[in-house]
Each structure stands twice: as structure tokens, then as C-alpha cells.
Amino acid sequence: MKKTKLKELESCLQDVDVFERPKLLLEQYPTRPHIAACMLYTIHNTFDDIENKTVADLGCGCGMLSIGSAMLGAGLCVGFDIDADALEIFNRNVEEFELANINMVQCDICSLSETMPETFDTVIMNPPFGTKHNKGMDMIFLKTALRMARTAVYSLHKTSTRQHIQKKADEWKVKMEVIAELKYDLPASYKFHKKKSVDIEVDFIRFSVDKLLNQGMALKPI
Ligand SMILES: C[S@@+](CC[C@H](N)C(=O)[O-])C[C@H]1O[C@@H](n2cnc3c(N)ncnc32)[C@H](O)[C@@H]1O
């Protein structure tokens, strides 16, 4: 397969249509093409966790990370999101990009926690940070992702939560590596934002899944 370059990937991702009317409570903001391209390129080039792999994208929204994964040669990428409007845009994007190796499922990630164990090689996600009356949602997404993955989970988390996440990773006996620290500018998509965008510090983290070590993690409370 032809090697996709970082700039080429970012430029393609700029054509992904995003949320038309983002829903505040679902924390709907797209991963910017530059960040999405850097994340996916690293997952692909440094860790070889995309090409010919089965990939799940939790909270896929309009499909920014799924589409990038499919373009980098995922065997199959399945996006999961609760919101039908977002998935409709995702579907349009998939048709526009003419990608065959993508699927999508409408569901609440909270209802997946006991299902689909070790179903995907890799799980990627930009989860809700749990700041909109949905406290703990980031950890529900993470725990679900760790159950679904056979090899690794890649996720974005607020840097301010790093210690808490490290504590949970230790408890679950999952190896966690902060791959990059990002300045993430959340666009002011909501009326109460006074500034155009707000910069927050975000960690891009890789969790390595070792099922032998992880047996029984589902029994432990979040
Ligand atoms: C920060 S956005 C990321 C969107 C997309 N992955 C991207 O990178 O552009 C978080 C996504 O999680 C979805 N979401 C929020 N709560 C959810 C839940 N309980 N179950 C499934 N999806 C959820 C939202 O609809 C939204 O699309």
C-alpha cells in the first residue's frame, strides 16, 4: 500500500465534515485535523497499530479518527456514537471519501462495558472529558475501551487528570505511556463561551493491554 504522508493525511482530514449543531451535553467538538493526523500517524508509524488491524473509535462523532484510520489502511474501523445526527454526517463523509473499510454503530458507550471483550486490535478515541454534568464519562469510556482492545488503547485526556488516570491504570494493571502533551483549543461552539476558543492541556496516551494481567478488571469499580 502507498505510504500516506503526514501532511497529505492532514490535508485530507480537512475535508471531513463536522458537527452542524454540536450538542453541549455530549461534548461534541471534532478533533482538529492537525491533531487527528499527528495522533493517527504516530499510532501507525511508531506502533504499527492501524494497518490491517481492526480498530474501534469510541465516541466517533462525524468520524474524523475513523476516516483517518481507514485511510491509513485499517482492516476495518468501526465507529460507535450515541448521536444519530453525528452518525448521519459520518455516513455522508464515508460516502464522500469512498471508503469501504468503515462501519458505524449507534449506541451508548455506557451500555457496552460488559460486552465485546477483546473484539478489536486497537481502540482509539477522543472521549468526552466528563465536564458537562457527565462526571466520570472519560473513565467509563476508558474502561470500556480497555475491555474491547486486544493490543492497545489510544486516548486524549485532560492533563489535570493524569494522576488519577495513572492510579486507575496501576489498579487495572495496564501500562500507560503519555506519548505527547498537546495544547488543545476547544472552539467556542457554545453561547456561554466569551472567547473564540479556550486552550486546554491534553495528554495523548497509549495504554498497552495485557490480558493476562488484566483478568478480573471488569469486577473492580471505577
Ligand atoms: C469530543 S467528541 C469527539 C468526536 C470525534 N471522535 C472526533 O474525534 O472528532 C465526543 C463524542 O462522544 C460522543 N458521546 C458522548 N457521550 C456518549 C455516550 N455515552 N455514548 C456514545 N457516544 C457518546 C459525542 O456524541 C461526541 O461525538
Side-chain angles (χ1 to χ4, degrees), residues 9-10 12-43 50 55-72 74 77-94 97 102-116 120 122-145 147-148 153-158 161 180 182 184-190 193 197-198 200 202-205 222:
L9 180 63
E10 179 177 340
C12 289
L13 292 181
Q14 271 155 1
D15 291 334
V16 172
D17 286 339
V18 297
F19 304 104
E20 283 157 7
R21 280 176 292 279
K23 292 171 187 148
L24 172 67
L25 293 177
L26 294 176
E27 295 193 49
Q28 289 186 334
Y29 41 82
T31 310
R32 295 223 186 242
H34 175 66
I35 290 183
C38 290
M39 283 170 70
L40 295 168
Y41 202 73
T42 306
I43 298 170
I50 293 187
V55 177
D57 174 9
L58 304 192
C60 58
C62 306
M64 186 68 77
L65 298 175
S66 295
I67 288 169
S69 302
M71 290 178 67
L72 289 173
C77 182
V78 184
F80 296 83
D81 205 286
I82 198 167
D83 184 37
D85 295 333
L87 292 178
E88 201 180 305
I89 300 170
F90 185 1
N91 203 25
R92 282 206 312 260
N93 280 324
V94 171
F97 278 83
I102 288 199
N103 233 318
M104 61 198 76
V105 177
Q106 185 185 3
C107 68
D108 182 347
I109 295 301
C110 305
S111 70
L112 286 185
S113 61
E114 301 302 321
T115 57
M116 293 200 273
F120 295 88
T122 308
V123 179
I124 54 174
M125 57 184 189
N126 177 3
F129 291 137
T131 52
K132 304 282 178 230
H133 308 290
N134 55 353
K135 197 164 182 288
M137 190 58 86
D138 51 341
M139 297 311 284
I140 293 174
F141 265 64
L142 180 56
K143 197 170 183 191
T144 305
R147 266 185 68 80
M148 290 169 75
V153 171
Y154 295 86
S155 186
L156 295 178
H157 294 274
K158 283 170 88 171
T161 63
L182 316 169
Y184 195 106
D185 63 319
L186 286 182
S189 6
Y190 304 120
H193 283 155
S197 68
V198 207
I200 57 165
V202 169
D203 289 342
F204 173 35
I205 307 180
I222 288 171

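One-based numbering, in listed order, for ligands and for the atoms of each.
Residue contact check for ligand 1: Cys60 places a non-hydrogen atom closer than 4.0 Å to it. Ligand 1 lies less than 4.0 angstrom from a heavy atom belonging to Phe19. Distances shorter than 4.0 angstrom do not occur between any heavy atom of Cys62 and any atom of ligand 1.
Side-chain contact between Met125 and Phe141: present, with at least one pair of heavy atoms (C-beta onward) separated by less than 4.5 Å. Residues Glu27 and Asn134 are in side-chain contact: their nearest non-hydrogen atoms beyond the backbone lie under 4.5 Å apart.
Of the listed options Ile124, Ile82, Asp57, Ile82 places a heavy atom closest to atom 21 (C) of ligand 1. Which of Phe90, Phe80, Phe141 comes nearest to atom 14 (N) of ligand 1 through a heavy atom is settled by distance: it is Phe141.
Between the CG atom of Asp108 and the CZ atom of Phe80 there is a distance of 12.5 Å, given to the nearest 0.5 Å.
Close contacts between ligand 1 and Met64 involve ligand atoms 9 (O) [criterion: under 4.0 Å to a heavy atom]. For ligand 1, the atoms lying closer than 4.0 Å to a non-hydrogen atom of Pro30 are 9 (O).
At a cut-off of 3.5 Å, with distance as the only test, a side-chain donor of Asp83 or Gln28 sits close to an acceptor on the other residue.
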Show your working on salt bridge (charged side-chain N to carboxylate O under 4.0 Å, His left out) between Asp85 and Lys23 and close with a plain yes or no.
CA-CA 10 Å; Asp85 295 333; Lys23 292 171 187 148; 2.7 Å; yes
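Residue contacts with ligand 1, taken as heavy atom pairs separated by less than 4.0 Å, involve Leu65 solely via side-chain atoms from C-beta onward. Neither the backbone nor the side chain of Lys23 comes within contact range of ligand 1; no heavy atom lies under 4.0 Å. With a 4.0 Å cut-off on non-hydrogen atoms, Ala36 does not touch ligand 1 at all.
Using a 4.0 Å cut-off between charged nitrogen and carboxylate oxygen, Arg92 and Glu20 count as a salt-bridge pair. A salt bridge links Arg32 with Asp185: the closest approach of a Lys/Arg side-chain nitrogen to an acidic carboxylate oxygen falls below 4.0 angstrom.
Atom CD of Gln14 has more than 12 heavy atoms from other residues, nucleotides or ligands within 6.0 Å.
Atom 3 (C) of ligand 1 has as its closest protein heavy atom Asn126 O, 3.4 Å.
Residue-to-ligand polar distances keep Pro127 apart from ligand 1: every N/O pair is separated by 3.5 Å or more. Considering backbone and side-chain atoms together, Glu27 places no N or O closer than 3.5 Å to any N or O of ligand 1.
A side-chain contact (heavy atoms from CB on, under 4.5 Å) with Leu65 is found for one member of Val55, Leu58, Leu13, Asn126 and no other, namely Asn126.
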